[in-house]
Amino acid sequence: MSAPVSSSAAASAPAATPAAAAASVPGPAGEPIITAHGLERRYGHGRDAFLAVAGIDLEIRRGELFGLLGTNGAGKTSTLEVLEGLARPSAGTVRVLGRDPWRDRRHVRPHQGLMLQSGGFPADLAVAEALRMWSATLTAARPVGEVLEEVDLADRAGTRISALSGGEVRRLDLACAIAGGPDILFLDEPTTGLDPESRARAWSLIGRLKDKGTTIVLTTHYLDEAESLADRLAIMHRGRIVREGTVAEVVAGHPSTIGCALPPAAPALPPLHGEARREGERLRVSTPHLQADLTALLRWAEAERIPLTGIDARAASLETVFLSIAEGESA
Amino acid sequence: MTAAPASPTVLPRARRVLPGRRLAGLARAELTMLLRNRMQLVTAVLFPLAIPFLYLPIARAGAEPAQLAGALGMMFVIALLFVVYYNLLSTYVARRQDLVLKRLRTGEAADATVLAASAVPALLIAAVMITVMAAISVPLLDLPAPRSAPLIVLGLGLGAVLLVPLALATANITRTVESAQVTSLPLMAVAIIGTGSAVPLSAMPEWFGRLVAFVPSAPIVALVRGGWLGVDADGAVLGTAELWTSALGQVGILLGWLVLACWFVALRFRWEPRA
């Protein structure tokens, strides 16, 4: 009964292994594969109730890499747990592959892979044994050796979990997430604790999985990670989605910034497009016209013979957008 | 721009997986871990082997067969307590501390499969150890051959299985593997009193004896005694019909406990360590 499924999936993703193809569900690229409407997550009851996710709408499409960003406590993991079918939403509806990920988890789970924030491997098992244990629970597991190869753990196959570094445990976590050849991959902070080299390798692996047609939902604290990997992203703050779209869309309309040290005795500033304000010894300019205002400022400093030190001019980026959202919290 | 599809693809129902495959895969890993844990292995294997020898002095002193068979029941109960109950309590607490249970619960295996898989090696070892203990005891303590082996198997089998949800329930009040040494004591003590050989029931008020009959270990001992010698607690020989009627009651008590314990675990088991 799975023959037509595997042949069509194999046609669209030639790199997929037979086992991975057997588990995948065909569908046009770009169709909504995960949707949430009015998703709420509430902890506690009565007066102590805390609304961690305050009614969000999401639409994640087949084959895309969707980044879920947010300040600490913004509700990322609470949201992810509902999408993964690990928790029931307090309100709202969620559909994954057209099914309820909580109620129909028996049918949805064979098609998804999860990378949790916590390892959860028995310390006394070796790497290959732990992956074999996990694979035994899967409907369509890929060969253990092949998966270890993919996460660069093949040479650690016989090593006890207790002797692994934090980064190696994260890679084993990733190995478990991809062992079933999932259509949808949830990665909760996949590169936290990895050294720069392992991080780069994890990125290229995530890129390869995406090329195979895997839909990936990723949370991360690293904005450069989201910027370079995500097709679309959402920034959460206090349980709501405050920005959503491609990186370009999220950044568009957000001002650039100029910062530098300014002597207290400096004369009045030249006219600028943006807004300037002094923070002690430092000048901060927030402007929609970075080049014009930077030029004006530099010309003025030269004419007035004012030394500007520590000049830092940056175009709007995911980071500046993110920081302004985080600052909004303290304001 | 392409038009959005009218209705997204809905996932077909999941393929069936051979029911035992997940259980076997998880149990295999659990057995590997058990074999690597010296302390647990000693508790599970060496300890039960030593028990029959503890009864040697009683047998030498010329004890009655009924007394010996009662002692035999107690011996098996103690073996089950260590091999199944205490051993599994440590295992479940350790797996919970390492977040292994949390991880497995996010996967495709059902909750019951995850918990049952950890119990498989312990139950297998218990079966082997009890067989070995019985084989040692017969010549060592000069016992007759069992009258009805099925009754013995039924009592010990049900008893062993019952100790699994009881270990899970105890895990709820056990934070660390070390504290299992303390939290396991109440049930161990009650179970040993329930065997009737540790505390002389004849010296106790009647209501106490009636209460003790409902302790899970009491029906195990009764089934072993009845199955081995065909006698009741007072040493009176039972006819076949009487034997099976009394066995039915004992099995009923064990099943009652089993349902109660499983219900508690299904509702209240803690899958994650306390924050």
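Each chain gets a letter, A, B and so on, in the order its sequence line appears, and its residues count up from 1.
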Just so I know, are the side chains of B:Arg105 and A:Leu86 near enough to count as touching, which here means a heavy-atom distance under 4.5 Å? no
Task: Min side-chain heavy-atom separation A:Met133-B:Thr32 under 4.5 Å - done: no
Quick one, B:Leu104 and A:Trp134 - any side-chain contact, counting heavy atoms below 4.5 Å? yes
Nearest heavy-atom contact between B:Gly25 and A:Ala136 is CA-CB, 3.5 Å
Applying a strict 4.5 Å limit to non-hydrogen atoms, the region of A:Ser135 in contact with chain B is backbone
**OP:** State, yes or no, whether a side-chain contact exists between A:Pro122 and B:Glu30 at a heavy-atom distance under 4.5 Å.
**Re:** no
Counting only heavy atoms not in B:Arg28, do more than 12 fall under 6.0 Å of its CZ? no
> Is the closest side-chain heavy-atom distance between A:Val108 and B:Glu108 below 4.5 Å?
Replying inline: no
Per-residue tally against chain B (heavy atom, under 4.5 Å) across A:Ile161, A:Leu116, A:Asp104, A:Leu125 peaks at A:Leu125
- Hey, is CH2 on B:Trp263 packed in by over 12 heavy atoms from elsewhere, all under 6.0 Å? no
So CD of A:Glu81 and OG1 of B:Thr106: to nearest 0.5 Å the spacing works out to 10.5 Å
Closest heavy-atom pair, B:Arg22 versus A:Thr137, reported as atoms and distance to 0.1 Å, is NE-O, 2.7 Å
CG of B:Leu35 to CG of A:Asp124, rounded to nearest 0.5 Å, is 11.0 Å
### Message
Within a 6.0 Å radius of atom CZ on B:Arg175, are there more than 12 heavy atoms belonging to other residues, nucleotides or ligands?
### Response
no
Here the gap from B:Leu26 atom CG to A:Arg132 atom CZ, rounded to the nearest 0.5 Å, amounts to 13.0 Å
